[in-house]
Amino acid sequence: MHESLTIGQLSARSGVAPSALRFYERLGLIHAQRTGGNQRRYARSELRRVAFIRISQQVGISLDEIRAALDSLPASRSPTASDWARLSSVWRERLNERIRLMTKLRDDLDSCIGCGCLSLQRCALYNPGDSLGGEGPGARLVLPRTEGEPEADVRAS
C-alpha cells in the first residue's frame with residue numbers, strides 16, 4: 001500500500017490511542033489493509049476520518065450516526081472538500097440547535113452553579129410538587145431530548 005500508516009503512526013498523527021483505532025475499525029468507521037504478516041496498514045486518508053470521528057463525538061454525535069455519515073462518503077476515492085461539506089450540512093441545523101440549548105443552559109444556570117441553588121424562589125429550574133414528573137424522565141426545562149423522547153420544553157423562566 002503506497003504511503004500507508006501503521007497503527008502506531010496513525011495513533012501518533014491523530015492523537016487517538018491504538019485501542020480506540022482498533023475499536024473504530026471493528027465498528028467499520030475506519031478501514032485498514034493487512035500485510036502478509038497480518039499487520040494493519042491505513043491509508044493516509046484515514047487521518048481525516050479519525051479527525052471527523054473525534055470532532056463529531058466531542059459535539060455529541062453518536063457512533064451510529066457517525067458511521068452512517070461516513071458510509072455516505074465515496075468508497076472508490078478519497079473524499080473531496082465538497083463531499084465533506086455535503087456531509088456536514090446534514091448536521092448543521094442539529095448543531096445549531098445544540099449550540100442554542102447549551103447557551104441557554106450556560107446562561108440560565110450561571111446563578112445556580114454559583115450559589116448552589118439555595119434560593120428556590122428565583123431558581124429557573126424549580127419544579128414545585130414535581131409537576132413535570134408526569135412528562136417523563138430527565139430534565140424537562142433545559143436539556144435537549146434524547147432519541148425517541150418527545151421534544152423537551154425549553155421555557156423561559
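Heavy atoms of other residues, nucleotides or ligands lying less than 6.0 angstrom from CZ of Arg67 number more than 12.
Thr103 places a side-chain N or O within 3.5 Å of a backbone atom of Ile99 that can act as its donor or acceptor partner. No donor-acceptor pair closer than 3.5 Å links the side chain of Asp71 to the backbone N or O of Ala68.
Interatomic distance, Leu47 CG to Arg44 CZ, rounded to the nearest 0.5 Å: 7.5 Å. Rounded to the nearest 0.5 Å, atoms CZ (Arg26) and CZ (Arg22) are 8.0 Å apart. With rounding to the nearest 0.5 Å, the separation of CZ in Arg40 from CD in Gln9 is 14.5 Å. Between Ser72 atom OG and Leu87 atom CG the span is 4.5 Å, to the nearest 0.5 Å.
Residues Ile61 and Arg94 meet the side-chain proximity criterion, which asks for heavy atoms closer than 4.5 Å. Two residues are said to be in side-chain contact when any heavy atoms from C-beta on lie closer than 4.5 Å; Arg41 and Thr6 meet this criterion. Residues Glu46 and Leu5 are not in side-chain contact: their nearest non-hydrogen atoms beyond the backbone lie 4.5 Å or more apart. In this structure, Arg86 and Leu73 have side chains that are in contact, with non-hydrogen atoms separated by less than 4.5 Å. Side-chain contact between Ile53 and Gln57: present, with at least one pair of heavy atoms (C-beta onward) separated by less than 4.5 Å. Between Glu25 and His31 the shortest side-chain heavy-atom distance does not fall below 4.5 Å.
For the side-chain contact (heavy atoms from CB on, under 4.5 Å) with Arg49, the qualifying choice from Ile66, Leu29, Leu70 is Leu70, the only one to do so.
Residues Ile55 and Ile30 do not share a hydrophobic cluster, clusters being chains of Ile/Leu/Val/Met/Phe/Trp/Tyr side chains in contact below 4.5 Å. Both Ile7 and Leu27 are part of a single hydrophobic cluster, where members link through side-chain heavy atoms under 4.5 Å apart.
Legend: residues meeting side chain to side chain contact (heavy atoms under 4.5 Å, CB included) with Ser89, ordered by chain and number and at least two apart, are absent.
The heavy-atom pair separating Val16 from Ala20 by the smallest distance is CG1-CB, 3.5 Å. Contact detail for Pro18 and Ser11: the closest heavy-atom pair is CD-OG, 3.3 Å.
Ring geometry for Trp91 versus Phe52: interplanar angle under 30°, hence parallel rather than tilted (30 to 60°).
For the ring pair (Phe, Tyr, Trp, His ring centres under 6.0 Å) condition, no pair includes a residue of residues 3-28, sequence neighbours left out.
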